[in-house]
2 protein chains.
Amino acid sequence: MELDERKKRILKAVIKNYLDTGEPVGSRTISKYADFSLSPATIRNEMADLEEMGYLFSPHTSAGRVPTDAGYRLYVDEMLEEKSEELSRKSESLDRMQDIMDKRVDRIEEVLKDMAKMLAANTQYTSVVSMPQANRNRLKFAQITALDAGKLLCTIVLEGNIVKNHMINLNRELNQETLLKLNLLLNNTLNGLTLQEINFDMASQMASQAGEHAELATEILNSIVAAIGSEDGIEIFTSGATNIFRYPELSDSNRASELISTLEEKKLLTNLMSEDLGENTTGIKVYIGEETSVNSMKDCSVITATYEFEDGVYGKVGVIGPKRMDYEKVLSALKDVTGSLDKKFTKD
Amino acid sequence: MELDERKKRILKAVIKNYLDTGEPVGSRTISKYADFSLSPATIRNEMADLEEMGYLFSPHTSAGRVPTDAGYRLYVDEMLEEKSEELSRKSESLDRMQDIMDKRVDRIEEVLKDMAKMLAANTQYTSVVSMPQANRNRLKFAQITALDAGKLLCTIVLEGNIVKNHMINLNRELNQETLLKLNLLLNNTLNGLTLQEINFDMASQMASQAGEHAELATEILNSIVAAIGSEDGIEIFTSGATNIFRYPELSDSNRASELISTLEEKKLLTNLMSEDLGENTTGIKVYIGEETSVNSMKDCSVITATYEFEDGVYGKVGVIGPKRMDYEKVLSALKDVTGSLDKKFTKD
DNA sequence: AATTAGCACTCCAATGTGTTGAGTGCTAAC
DNA sequence: GTTAGCACTCAACACATTGGAGTGCTAATT
């Protein structure tokens with residue numbers, strides 16, 4: 001059977017209607033729909049075909065039709081219309097971000113959380129944001145300071161002024177001179193490298209240059225790399241979890257509980273939030289139902305977008321909602337937001 | 001009417017039963033209760049009295065009785081029995097914390113989050129933990145580093161090895177010598193002071209000592225204080241939010257949504273989590289229903305305990321559950337945990 | 001050949017109608 | 001003071017009834 005133009009139009013009409021109402025839509029409804037001049041009976045035939053083709057299904061004999069995942073897929077891939085941008089709101093949020101960024105380096109976190117909150121509020125769905133992955137970022141500055149006896153504070157600054165702190169416990173004390181020497185060595189050897197490069201090549205090279213402190217230098221280096229490279233997975237923030245209660249198909253006790261649980265745990269989100277990172281940078285991805293590969297989200301759709309924090313360093317923003325979410329609205333919201341993140345983060 | 005011993009025993013029996021089952025308890029149930037040798041009829045009379053006195057009420061004519069907030073209050077204030085400690089579980093959890101603490105000193109946040117998770121898992125309720133309030137914490141080490149032209153990175157370490165970073169944008173560049181001088185000055189003047197003390201007294205004193213750099217020093221100092229002193233409220237972590245779905249009286253859509261919302265927002269929790277901080281340090285507090293002063297928690301009870309992070313620096317741990325929570329279990333869990341936190345945090 | 005009116009059929013959802021049982025309050029007896 | 005006995009109440013559950021929305025099929029229409 002062929003998916004001709006009329007079938008497409010009907011499918012689109014059904015889906016749009018279902019997005020709005022959440023109720024199965026019947027042939028009469030579609031028939032009344034503006035520019036169709038077909039009787040319910042004809043529509044019924046077409047809808048039966050669409051069901052046979054796997055794009056629609058009826059929950060039961062005497063109900064209307066509901067899109068299948070395949071139906072949504074087709075809709076998302078071929079039937080979306082660009083929504084016109086809302087300029088006013090956008091610039092306001094940008095200003096606020098600008099402000100925060102300037103003042104508090106160690107607070108990207110706050111900015112992102114804020115972002116998530118805004119996104120959730122705008123879309124009425126749940127939002128997810130991941131911290132930009134630091135381990136491809138270049139090292140700009142490293143410094144070791146003695147705090148207490150045998151306790152070193154290591155401060156590292158990456159391009160884009162991401163600051164990381166790490167405590168190193170040594171089993172011996174260092175004098176001022178050694179410290180100075182180590183600091184020089186650190187900066188000379190490591191500056192401009194990504195953490196991955198450091199991880200692979202540097203250890204031996206640095207050790208050889210360190211002379212008498214070779215062993216110490218290696219120890220410190222390892223400690224740094226271990227601490228910073230191995231963040232236990234990416235950091236993820238969510239916001240608007242309770243928005244799921246707006247959608248009856250998600251809000252029954254069990255589903256809601258599982259869903260909020262995965263949002264709280266965050267572990268299950270890491271796959272979605274790191275897929276294709278850096279590959280196609282402007283990539284917006286839509287996951288429908290099972291495509292999320294997360295069981296508790298099989299009644300949800302997820303849309304993710306990559307933002308570029310700085311050259312080569314990416315993070316992701318996502319929106320989680322019911323499968324009948326307003327794809328167009330969410331897509332445009334994500335475009336706005338990633339656009340804005342790009343602009344802000346790479347500006348200075 | 002007087003609350004004689006028998007009435008108390010009956011009230012206690014009713015409450016205990018209700019804590020277990022969540023169902024209104026009837027006179028027959030109590031009559032069968034071990035060491036009462038009274039007929040249901042007698043119990044009924046007593047229960048009617050207890051209702052009149054405001055400790056019990058019936059949801060409807062032919063249901064059993066349920067404790068009122070006043071009933072719970074009485075129970076909590078006068079009828080709790082210390083639970084014999086469960087040593088096995090306790091030591092197990094302690095071991096785990098020990099483990100975490102040793103590995104990552106600079107990650108109080110992680111430890112606390114883990115704590116919250118454990119507490120939620122053990123109690124099957126929702127847990128809340130607040131970061132120790134830093135602004136009473138003493139400064140241990142301060143350092144300014146030039147990053148880019150006119151951009152200074154300020155690193156501050158507080159007692160307990162809390163590290164804070166802050167970026168300062170200057171309109172001029174500093175040479176190495178000035179920087180060194182400033183660093184010395186900073187450490188000499190500020191070490192050992194709390195952020196509050198710095199806020200109030202130091203600005204002028206430091207300025208006078210800075211000589212030619214007086215203006216610069218003031219600028220930097222202000223910038224530091226502004227950035228660190230003005231944390232927007234206390235930081236709060238929650239865990240086990242979805243445990244509320246275990247308790248039917250909390251898990252209907254509306255209630256659950258509101259509740260999880262307040263957990264997500266965290267703002268409404270700040271009052272509960274900062275009340276009496278530092279006053280009576282071992283204070284464990286029980287809030288029942290309306291006593292929480294949070295509307296969405298009017299069907300919940302909250303128990304909070306203060307932990308001492310370091311001399312004079314406190315944080316709070318809390319458990320949020322249905323009013324019919326197992327008060328004894330939660331109290332002992334909190335005692336365990338705050339005991340352990342004390343021990344761990346002040347150890348080195 | 002495609003469209004449509006007509007009709008029988010299906011099934012959910014809403015509503016109403018017992019029925020059951022747990023629990024009460026009251027009274028009178030112990 | 002305690003208790004047995006009894007009439008009464010009321011939520012909860014199980015069924016039956018109804019109404020309506022929507023379908024699929026067939027036969028008539030264009």
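Numbered from 1 within each chain, the chains take letters A, B, ... in sequence-line order. Reckoned from all heavy atoms, side chains included, excluding hydrogens, waters and symmetry mates.
Remark: A/Tyr247 pairs with A/Tyr125 by the ring-ring contact (aromatic ring centres under 6.0 Å, His included) rule, at least two apart or across chains. A/Glu264 is linked by a side-chain contact (heavy atoms from CB on, under 4.5 Å) to B/Ala241, B/Thr242, counting only residues two or more places apart in sequence or in another chain. Residues that satisfy the side-chain contact (heavy atoms from CB on, under 4.5 Å) test with A/Asp252, not counting sequence neighbours, are A/Asn254, A/Arg255. Qualifying side chain to side chain donor-acceptor pair (under 3.5 Å) partners for B/Thr42, counting only residues two or more places apart in sequence or in other chains: B/Ser39. Remark: A/Glu51 pairs with A/Ser58, A/Arg65 by the side chain to side chain donor-acceptor pair (under 3.5 Å) rule, at least two apart or across chains.
Within the structure, ring pair (Phe, Tyr, Trp, His ring centres under 6.0 Å) contacts touching residues 1-29 of chain B (residues at least two apart or in different chains) do not occur.
For the segment residues 6-21 of chain A, no residue has any heavy atom less than 4.0 angstrom from an atom of DNA chain D. Within residues 38-47 of chain B, the residues approached by DNA chain C to less than 4.0 Å at the level of any non-hydrogen atom are B/Arg44, B/Met47, in residue-number order. Applying a 4.0 Å cut-off to non-hydrogen atoms, none of the residues of residues 247-254 of chain B approaches DNA chain D. Taken residue by residue, residues 58-65 of chain B places heavy atoms nearer than 4.0 Å to DNA chain C at B/Thr61, B/Ser62, B/Ala63, B/Gly64, B/Arg65.
Shortest non-hydrogen contact noted between B/Arg44 and B/Ser27 is NH1-OG, 3.2 Å.
Electrostatic pairing of A/Arg73 and A/Glu291 counts as a salt bridge here, judged by a charged N lying under 4.0 Å from a carboxylate O. Salt bridge status for B/Glu249 with B/Arg324: present, with a side-chain N to carboxylate O gap under 4.0 Å.
Each end of the helix from C/dA1-D/dT30 to C/dC30-D/dG1 gets its own axis from five base pairs, and the two axes differ in direction by 20°, given to 10 degrees.
Mapping heavy-atom proximity under 4.0 Å, the span of DNA chain D touched by chain B runs 5' to 3' from D/dT2 to D/dA11.
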